[in-house]
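Positions are given from 1 along the sequence.
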Amino acid sequence: MITKDVSEYQGFIKEFDRCAQTCYECLNACLGEKDAHKRKRLIKILLECSKMCETTAFIMSVDGKFVKRQCQLCAEVCDVCAQECAVFEDAYCRKCAEECRICTDKCQEMLNMT
C-alpha cells in the first residue's frame with residue numbers, strides 16, 4: 001500500500017533498493033575472487049553503501065523528518081562506492097559503479113526538491 005504522503009518518493013525508494021541489491025551482488029562476487037584480500041576497502045564500502053541505501057529507502061518510506069540529511073549522506077557514500085568500484089575491471093564492479101552513480105544522482109534530485 002502506498003500512502004499519499006510518500007507516493008512522491010516511490011521512484012527514489014525503488015532506486016535505493018536497486019542500488020543496495022547491486023552492492024550486495026558485487027560484494028558477493030568480490031568475496032569469491034582470488035584477490036579478495038586486495039578488495040578489502042571496496043568490500044567495506046559496499047557493505048556501508050548497501051546499508052545506507054536501505055536506510056534511506058526506509059526513512060523515505062516513513063516520510064522521516066531527516067530525509068534530506070539522509071539523502072545528502074547517502075549521496076556521499078554512493079559516490080565513494082562508485083569510485084572504489086571503478087578501480088576494478090570486473091563487469092559486476094562496473095555495473096555497481098554505474099548503479100551507485102545513478103543513486104547519487106537520485107539523492108541530488110531529492111535534495112533539490114522543495
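- Once rounded to the nearest 0.5 Å, the distance linking CG of Leu42 with SG of Cys26 reads 5.5 Å.
- Phe88 and Ile43 fall within the same hydrophobic cluster, where Ile, Leu, Val, Met, Phe, Trp and Tyr residues are linked whenever their side-chain heavy atoms come under 4.5 Å apart, directly or through other members.
- In terms of hydrophobic clustering, with Ile, Leu, Val, Met, Phe, Trp and Tyr side chains grouped at heavy-atom distances under 4.5 Å, Leu47 and Val87 are assigned to a common cluster.
- In this structure, Met60 and Phe16 have side chains that are in contact, with non-hydrogen atoms separated by less than 4.5 Å.
- Counting only residues at least two apart or on different chains, the side chain to side chain donor-acceptor pair (under 3.5 Å) pairs with a member in residues 41-50 are Arg41-Glu84.
- If you take NZ on Lys106 and CD1 on Ile13, they are separated by 11.5 Å, rounding to the nearest 0.5 Å.
- With salt bridges taken as basic N to acidic carboxylate O contacts below 4.0 Å, one links Glu15 and Arg18.
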**Prompt:** Going through the distances and angles, do Met52 and Glu76 end up as a side chain to side chain contact (heavy atoms under 4.5 Å, CB included)?
**Reply:** CA-CA 10 Å; Met52 182 62 68; Glu76 292 176 41; over 6 Å; no
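- If you take SG on Cys74 and CG on Leu111, they are separated by 10.0 Å, rounding to the nearest 0.5 Å.
- The side-chain heavy atoms of Cys85 and Leu46, taken from C-beta on, include a pair separated by under 4.5 Å.
- The structure places CZ of Phe12 at 10.5 Å from SG of Cys103, a figure rounded to the nearest 0.5 Å.
- Note: Glu54 CD to Cys19 SG = 10.5 Å, rounded to the nearest 0.5 Å.
- Note: Glu99 CD to Cys78 SG = 9.0 Å, rounded to the nearest 0.5 Å.
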**Message:** One pair to check against side-chain hydrogen bond (donor to acceptor under 3.5 Å, both in side chains): Asp79 and Gln83. What are the steps and the verdict?
**Reply:** CA-CA 6 Å; Asp79 184 54; Gln83 292 174 37; 2.9 Å; yes
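- Linking ILVMFWY side-chain heavy atoms closer than 4.5 Å, directly or via other members, places Met110 and Leu73 in two distinct hydrophobic clusters.
- Ion pair Asp35/Lys40 not flagged as a salt bridge, since none of the NZ, NE, NH1 or NH2 atoms sits closer than 4.0 Å to an Asp/Glu carboxylate oxygen.
- The number of heavy-atom neighbours closer than 6.0 Å to CD of Glu109, taken from other residues, nucleotides and ligands shown, is above 12.
- Side chains of Tyr9 and Asp63 form a contact here, defined as non-hydrogen atoms less than 4.5 Å apart.
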